[in-house]
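Inspection log for the structure reproduced underneath, given as structure tokens.
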Amino acid sequence: QVQLVESGGGSVQAGGSLRLSCAGFGYTVYWYCMAWFRQDPGKEREWVAVIDNDGSTSYADSVKGRFTVSKDNAKNTLYLEMNSLKPDDTAMYYCAADPRRLGGGRWFRPTEYKYWGQGTQVTVSS
């Protein structure tokens with residue numbers, strides 16, 4: 001059974017940093033396309049970053065240059081390093097996984113991902 005468990009969320013002031021983790025169980029991170037999404041109440045789930053199973057990465061324009069996605073295959077864990085945080089980054093953050101190589105045309109679509117974590121809250125105060 002595939003499970004994704006996020007951790008690392010919290011409350012920080014603007015300009016601060018957080019590192020989110022997504023531990024994988026029942027599958028191998030190396031083979032999967034892994035992504036981070038975020039969602040505010042009443043809004044659509046927004047794609048943040050992806051690391052595909054060929055190692056390619058991509059970021060939403062809103063986080064480019066501030067966030068870094070990576071994975072540790074030995075620990076079977078996905079990470080999101082978030083720096084220079086802004087109040088607009090406040091949201092519930094979710095990790096997602098799919099066993100296919102999705103490619104640039106599908107990374108940003110939540111419906112393409114088969115597995116999801118429960119989310120971790122990030123709150124950035126001004």
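As a basis for the values below, the full set of heavy atoms in this structure was taken, side chains included, without hydrogen atoms, waters or symmetry mates.
- Under the 4.5 Å side-chain contact rule for hydrophobic residues, M92 and V69 do not share a cluster.
- By the 4.5 Å heavy-atom criterion applied to side chains, V63 and M82 are not counted as neighbours.
- Listed by first and then second residue, the side-chain hydrogen bond (donor to acceptor under 3.5 Å, both in side chains) pairs involving residues 104-114 are D52-W107, R100-E112 (not counting sequence neighbours).
- Closest approach of V124 to K86, counting heavy atoms only: CB-O, 3.3 Å.
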Stepwise side-chain contact (heavy atoms from CB on, under 4.5 Å) test for L18 and L85: CA-CA 8 Å; L18 284 173; L85 283 161; 4.2 Å; yes

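- In terms of heavy atoms, S125 sits closest to P87 at C-CG, 4.4 Å.
- The two residues N83 and S17 make their nearest non-hydrogen contact at OD1-OG, 2.8 Å.
- One N or O on the side chain of N76 and one on the backbone of Y27 form a donor-acceptor pair closer than 3.5 Å.
- Atoms OG and CG, from S21 and L4 in turn, are 12.5 Å apart once rounded to the nearest 0.5 Å.
- Side-chain N or O atoms of T68 include none that pairs as donor or acceptor with a backbone N or O of E81 at under 3.5 Å.
- Of the N and O atoms on the side chains of D72 and T77, not one donor lies less than 3.5 Å from an acceptor on the other residue.
- To the nearest 0.5 angstrom, L80 atom CG is 10.5 Å from R19 atom CZ.
- Linking ILVMFWY residues whenever their side-chain heavy atoms come closer than 4.5 Å, directly or via other members, leaves I51 and Y94 in distinct clusters.
- Judged by distance alone, the side chain of E6 and the main-chain N or O of C95 form a donor-acceptor pair under 3.5 Å.
- Of all the heavy atoms in Y32 and A97, the pair that sits closest is CD2-CB, 3.9 Å.
- Here the side chain of T120 pairs a donor or acceptor atom with the backbone of G9 at under 3.5 angstrom.
- Put simply, V48 and V50 are part of two different groups of oily side chains (I, L, V, M, F, W, Y) that touch within less than 4.5 Å, one to the next.
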Which atom pairs, donor and acceptor, lie under 3.5 Å between side-chain atoms of residues 33-43 and protein residues at least two apart or in another chain?
from, atom 1, to, atom 2, distance (Å)
W36, NE1, Y79, O, 3.2
R38, NE, E46, OE1, 2.9
R38, NH1, D89, OD1, 2.9
R38, NH1, Y93, OH, 2.9
R38, NH2, S62, OG, 3.4
Q39, OE1, R45, NE, 3.0
Q39, OE1, R45, NH2, 3.0
Q39, NE2, K43, O, 2.9

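- Using cut-offs of 30° and 60° on the angle between ring planes, the pair F108 and W47 is perpendicular.
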Does the pair D98 and N53 meet the rule for a side-chain contact (heavy atoms from CB on, under 4.5 Å), with working shown? CA-CA 9 Å; D98 194 89; N53 61 5; over 6 Å; no

